[in-house]
Amino acid sequence: MNTYKNMPALSAELVGGDSMAFRRRRVPGSTTRRSVQGKVSWTVLAVVLALLVGAGLWWRHAHEKADSGGDAASSASAASGGGAGRAGGQGGRRFGGGSNVQAVSVQAARVQDIRVTVTAIGIISASNTAVVRPQVSGVLQALHFEEGQQVKAGQVLAQIDPRSFQATLTQAEGNLARDKASLDNARLDLARDRELLSRDAVAQQQVQTQESLVKQLEGTVKADQGAVDSARLQVSYTKVTAPISGRVGLRQADLGNVVSTTDTNGLVTITQTQPVSLVFAVPSANLPTISARLRARQPLPVEAWDRGETTSLATGRVVSADNLIDTGTDTIKLKASFPNVDDALFPNQAVSVKLQLDLLKDVLAVPQAAVLRGAQGFYVYVAHEDNTVSMRTVQTGAVDNGWMMIKGDVQPGDRVVIDGVDRLRDGAKVNVIAADPKQRAGAQAAKRGGRGASGAHGASGAASGRAGGWAASGASKPAVPRGDAASADGEERPRWLDRLPPDVAEKVMKMSPEERRAWIEQRRQERARQQGDSAASK
């Protein structure tokens, strides 16, 4: 009975005990699995973080090694440019150099005369050309000229064997002498017969017959004289002379050859090159100006240049214009004459032509390289004393030897930018350097160091560091990419110096190793401070 009475309690105890046991068996197992999963997640996260940190350290180390001098160069560039905004600084780093100060070259605008010219391509032609051919056939005995020589008209150029022609001349002269003697005798007989006729001693018919004989002999003598003159002319033809003055070309026959009057090439060709002519074509739109100048007998100067337009060959003037316009090209042909006293021009030579149509006196001009074209039209950048630039819109005109006539808000003496305008903006900071690379800062030092050209900007490698070189400067011997030239003592000049403005690079090169070390450290601190300010602002 007691047993049954205690059954509910026992059942409850058993049930409760089983439940507790069951809970004891489940709860500890579930907790263990969750803890294992948490440990695995934290382990994976730790590994990922370690990999990210390692990658970041490697990336930083690699960039510091490649650009060990970049921080100092960027800070120095920013300091020399008068300070740059954060946005501008990042833009500068994007384009290389870590600074928004642009190195430019300038040249002053000036007042000068500008020629209005038309360019064309022309062909030189000789004033006269003659092929020297022998006028008699025979053996060529002598040549009295040198190839390429200037000769005068009538100058003896060659000698042909004259003996056969001399013999013919002698025979003709003998016939002439014989017939002259017969003529003289007939004339004496005629005079005697006329005297006898006056005395009625001879018949009239005999006198007339004698008169006819005298006339016949006179004709024979004239024929003989012609034969003598012809033979003498043939003898003179054995000396070949120059028909015109000019330059002889290459000879077409050698000594000992039998030359003939039918030879196609002749003995030599002579071209008259003083003066020479130039034929070229210009657009027909220029014809009114050209015609007016020719009618007024005003000279139209013409310059002949080589095909590269780097060397002026000669100067002449227009002498005539064609009588019709070429409808296919809408051009008119002009002919110019050049004295060519120095033989700078040759027949059939192609040259560049500059025809001067007008001369503009005392106009404002700037180098053609300074004039740019944009959506607002043509403009130039003017550099100011505070190392900033401003954009000025201009109107362009004629161009003469690299100088362009302009009209606009530019005054004589204003410095216009001619090099380095790629990334300029209105109000941008600039660093003015010499237009001639040989006159830029560091060029003389590079010349003294005997180093070749190197670097991204083509600057000459400077001499090795003074007082112990770059290794002693505290610059931690920046790694120099392959291709940098070595100094005379075997050390290498860091490439980051090429990123500095020329004046700053010159100052750095003149520092002692201790000063250079302190300078680089100061630049790095400034760089780190700027980066910290930039990060804080974000």
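Quick note: numbers below take in every heavy atom, side chains included, and nothing from hydrogens, waters or symmetry partners.
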Return the minimal non-hydrogen interatomic distance between Lys152 and Ala242, and the atom names on each side. O-CB, 3.4 Å
For atom CD of Gln204, decide whether the heavy atoms of other residues, nucleotides or ligands shown that lie under 6.0 angstrom number more than 12. yes
Over 12 non-hydrogen atoms of neighbours within 6.0 angstrom of CZ in Arg110: yes
With no hydrogens and no angle check, is any side-chain donor or acceptor of Arg373 less than 3.5 Å from a backbone partner on Tyr379? no
What pair of heavy atoms forms the shortest contact from Ala108 to Trp403, and how long is it? O-CH2, 3.8 Å
Which value, rounded to the nearest 0.5 Å, describes the distance between Ile332 atom CD1 and Ser291 atom OG? 7.5 Å
Distance-only polar pair, side chains of Asp330 and Ser284, donor-acceptor under 3.5 Å: yes
Please answer whether the main-chain N or O of Val214 pairs with a side-chain N or O of Arg187 as donor and acceptor at a distance below 3.5 Å. no
Checking Asp343 against Gln274: is there a side-chain donor and acceptor pair closer than 3.5 Å? yes
Say you draw a straight line from CE of Met404 to CD1 of Ile114; how long is it, rounded to the nearest 0.5 Å? 9.5 Å
Backbone N or O of Gly226 within a donor-acceptor pair of the Ser230 side chain at under 3.5 Å? no
Could you go step by step and tell me if Gln368 and Val371 meet the side chain to side chain contact (heavy atoms under 4.5 Å, CB included) rule? CA-CA 6 Å; Gln368 188 177 3; Val371 181; 5.8 Å; no
Over all heavy atoms of both residues, which pair between Ser390 and Asp426 is shortest? Give the atoms and the distance, please. CA-OD1, 3.0 Å
Please give me the minimum heavy-atom distance between Glu173 and Arg232, naming the atom from each residue. OE2-NH2, 3.1 Å
Determine whether Val104 and Asp419 make a side-chain contact, defined as any pair of heavy atoms from C-beta on separated by less than 4.5 Å. no
I'd like to know if the side chain of Asp189 and the backbone of Ala186 have a donor-acceptor N/O pair within less than 3.5 Å. no
Can you name the residues that form a side chain to side chain contact (heavy atoms under 4.5 Å, CB included) with Pro339, not counting sequence neighbours? Val341
Flag, side chain of Asp326 to backbone of Gly328, donor-acceptor distance under 3.5 Å: yes
Straight-line distance of His144 NE2 to Thr241 OG1, nearest 0.5 Å: 11.5 Å
Taking atom CD of Gln210 and atom CG of Leu188, what is their separation to the nearest 0.5 Å? 9.5 Å
Measure the shortest side-chain to side-chain distance between Ile124 and Ser277 over non-hydrogen atoms and say whether it is less than 4.5 angstrom. no
Going by atom types alone, do Thr238 and Gln135 pair a side-chain donor with an acceptor below 3.5 Å? no
What I'd like to find out is whether the side chain of Leu357 reaches to under 4.5 Å of the side chain of Leu355, using heavy atoms alone. yes
Please assess Val353 against Leu278 for the test side chain to side chain contact (heavy atoms under 4.5 Å, CB included), listing each intermediate value before the final yes or no. CA-CA 9 Å; Val353 182; Leu278 172 63; 3.7 Å; yes
Does any donor atom in the side chain of Gln225 or Asp229 lie under 3.5 Å from an acceptor atom in the other side chain? yes
Identify the heavy atoms of Gln252 and Gly266 that sit nearest to each other, and give their distance. CB-O, 3.2 Å
Indicate yes or no for a side-chain donor-acceptor contact from Arg392 to the backbone of Val410 under 3.5 Å, with no hydrogens or angles considered. no
With side chains defined as the heavy atoms from C-beta onward, is the minimum distance between Arg247 and Gln272 less than 4.5 Å? no
So for atom CD, which belongs to Gln205, do other residues, nucleotides or ligands contribute more than 12 heavy atoms lying within a distance under 6.0 Å? no
Is the backbone of Gln411 close enough, under 3.5 Å, to the side chain of Asp414 for a donor and an acceptor to pair up by distance? yes
Run the side chain to side chain contact (heavy atoms under 4.5 Å, CB included) test on Ile325 and Leu287 for me, step by step, so that the C-alpha distance in whole Å, both residues' side-chain angles and the decisive distance to 0.1 Å come before the verdict. CA-CA 10 Å; Ile325 295 175; Leu287 185 57; 4.0 Å; yes
Backbone N or O of Arg163 within a donor-acceptor pair of the Gln166 side chain at under 3.5 Å? no
Ring pair (Phe, Tyr, Trp, His ring centres under 6.0 Å) partners for Phe165, two or more places apart: none
Side-chain touch Asp113/Val363, heavy atoms, less than 4.5 angstrom: no
Under the side chain to side chain contact (heavy atoms under 4.5 Å, CB included) test against Phe145, which residue among Val268, Val156, Ile270 passes? Val268
Shortest non-hydrogen pair, Ala120 vs Ala281, comes out as CB-O, 3.3 Å
Quick one: are Val118 and Pro283 in side-chain contact, heavy atoms under 4.5 Å? yes
When you compare the side chain of Pro134 with that of Leu267, does any pair of heavy atoms fall below 4.5 Å? yes
May I have the step-by-step check of salt bridge (Lys or Arg N to Asp or Glu O under 4.0 Å) for Arg115 and Glu303, ending in yes or no? CA-CA 12 Å; Arg115 299 176 300 172; Glu303 294 181 358; 2.7 Å; yes
Spell out, as yes or no, whether a donor-acceptor pair under 3.5 Å connects the side chain of Thr310 to the backbone of Asp306. no
Please report the C-alpha distance between Leu294 and Val318 in whole Å, then the side-chain angles of each, then the deciding distance to 0.1 Å, and finally whether the side chain to side chain contact (heavy atoms under 4.5 Å, CB included) criterion is met. CA-CA 8 Å; Leu294 290 177; Val318 175; 4.2 Å; yes
Assess, by modelled atom type and distance only, whether the side chains of Thr271 and Thr273 contain a donor and an acceptor separated by less than 3.5 Å. no
Side-chain contact, heavy-atom cut-off 4.5 Å: Thr129 with Thr269? yes
Rounded at 0.5 Å granularity, tell me how far CG in Leu197 sits from CD in Gln208. 9.0 Å
Point-to-point distance, once rounded to the nearest 0.5 Å, from CH2 of Trp305 to OG1 of Thr119: 12.5 Å
Strictly distance-based, threshold 3.5 Å: is any side-chain N or O of Arg317 a donor or acceptor partner for the main-chain N or O of Ser337? no
